[in-house]
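Worksheet: one structure, shown below.
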Amino acid sequence: MSTNKKAVLTLADGKSVEFPVLSGSVGPEVADIRALYGKTGMFTYDPGFLSTASCSSKITYIDGDEGVLLYRGYPIEQLAENCNFLEVCYLLLNGELPNQKEKDEFSTTVMRHTMVHDQLTRFFTGFRRDAHPMAVLVGVVGALSAFYHDSLDINNPEHRNISAFRLVAKLPTIVAMTYKYSVGQPFVYPRNDLSYSANFMRMMFAVPTEEYKINEVLVRALDRIFILHADHEQNASTSTVRQSGSSGANPFACIAAGIACLWGPAHGGANEACLNMLEEIGDVSKVGEFIKKVKDKNSNVKLMGFGHRVYKNYDPRAKLMRDTCHEVLNELGLHDDRLFKLAIALEKIALEDDYFVQRKLYPNVDFYSGIVQRALGIPVAMFTCIFALARTVGWIAQWNEMISDPENKIARPRQLYIGNPRRDVQPSGKR
Ligand code: CMC
């Protein structure tokens, strides 16, 4: 929304240029600098988007200083307490929480799309069994666009809708197949009479030789992991999905691009890196020594699961994840879990240390999610796939919002060129 305010840029020659100031429903105001180049011949320089809003959005709001996260206006704590993951999916995709009828219809439609084309199952055998599951996931999700030609017209809202259902429904099946392939077990077909998360746990852990028993505490914990990871406004992978989609690429290809971006250790790979870090520290007695290394600028060691570009306060998802961690460890009789104890000790020391206090570094969602996933029996290498599964709904909601936005343009950043100015090619003997 535009305001009466103007942002004024004064140039070296004393000339001033005015820009409109826009306000959102909450959060900081934004200087609309789209006309900057036209008015001054200058670009802004903002690598890493430290001060740049790349779009407007109605989906997710974060107040990083206060540690607030809202999906469509609802606090994450209330959603985690009162809703299941599919209700949150409905909310992110449609803007409102579903009533009972809408919830039932939505769940039925999602669960009816859980199977994948049978030929897709053969893609897995092309991969080595020791491939990283994220490598397999990027490939197989990208391949979906070769199977579902009937929903690729991005300008058709019906097509976008069916693609959204397909992606939300099939990701658990594909992630579970990725795991089963890596351990050499047969794929387990989805069971549509189960809840979304119970079905996923069964596809991950059931074997044909035994009956699989659903543990509702563990299912609820997994569902909460999905809720907490469902969206997080314009993070690196979501921006990747939007950027890919801005060219008109199909949703399956865009989500595959998002998965590739998520894989990095600074983003979705952090839960895996965090658990590996805890294993490496090994014991509470080694925490002091490790913190020393983290603070040493030359060591290149980071405290994984700490710090966030936006949160300069406790990540609200980390609090919920710590509670879930307690619940799961209690349910499994693992109150004395070595890594959980280590994580608590590490968190306490870091929160009291000047280095972390001054830089406003607090635990993020990944600090505890790895411990929960490990307790659920999910192997470390699969952690980022779980994140991708959960984030798919956020990616698709953001992609859909972008396509429907009349202000949408192909994303085409500019640059500050610091290479050689024009020069002439010399014959090879003179170079
Ligand atoms: N351990 C030690 N020092 C840190 C850490 C950390 N985890 N995070 C930031 N710092 C320091 C950093 O070295 C810098 O110090 P200085 O001012 O002396 O140079 C200062 O804090 C500011 O950090 P930054 O790198 O400018 O912050 P950023 O906003 O660019 O990076 C981050 C954010 C998440 C990439 C970073 O905090 C990090 O690498 N954390 C560890 C990885 C992690 O847990 N990632 C998960 C993020 S949450 C899940 C998700 O959304 O994907």
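Both counts, for ligands and for their atoms, begin at 1 and track the order of listing. Every heavy atom of this structure was used, including side-chain atoms; hydrogens, water molecules and symmetry mates were not.
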Quiz prompt | Mode of Arg359 contact toward ligand 1 - side chain, backbone, both, neither (heavy atoms, under 4.0 Å) | solution = side chain

Exercise. Give a yes/no on ligand 1: does Lys295 have at least one heavy atom closer than 4.0 angstrom to it?
Key: no

Quiz item: Taking distance alone, with no angle check, do His232 and ligand 1 share an N/O pair under 3.5 Å?
Solution: no

Quiz item: Looking only at heavy atoms of Asp366, does any of them come nearer than 4.0 Å to an atom of ligand 1?
Solution: yes

Quiz item: Between Met304 and ligand 1, is there a nitrogen or oxygen pair with a distance under 3.5 Å?
Solution: no

Quiz item: Mind checking whether Val294 has an N or O less than 3.5 Å away from an N or O of ligand 1?
Solution: no

Quiz item: Can Tyr355 be said to touch ligand 1, with heavy atoms closer than 4.0 Å?
Solution: yes

Quiz item: Any protein heavy atom sitting closer than 4.0 Å to atom 23 (O) of ligand 1?
Solution: no

Practice problem: Consider every N or O of Arg317 and every N or O of ligand 1, then say whether any pair is closer than 3.5 Å. | Solution: no

Quiz prompt | Near-ring test Phe252/Phe147, centroid separation under 6.0 angstrom | solution = no

Quiz item: For ligand 1, does Asp315 get within less than 4.0 Å through its side chain, its backbone, both, or neither, judged by non-hydrogen atoms?
Solution: neither

Quiz item: Taking atom 36 (C) of ligand 1 as the point of reference, which of Lys302, His267, Arg309 owns the nearest heavy atom?
Solution: Lys302

Practice problem: Could you tell me whether Phe387 and ligand 1 have an N or O pair separated by under 3.5 Å? | Solution: no

Quiz item: Going by distance only, is there an N or O of Phe306 that falls short of 3.5 Å from an N or O of ligand 1?
Solution: yes

Quiz item: Can you check whether His232 and Tyr311 have ring centres sitting under 6.0 Å from each other?
Solution: yes

Quiz prompt | Minimum-distance pair of heavy atoms, taken over all atoms of Asp223 and Asn84 | solution = OD2-CA, 3.3 Å

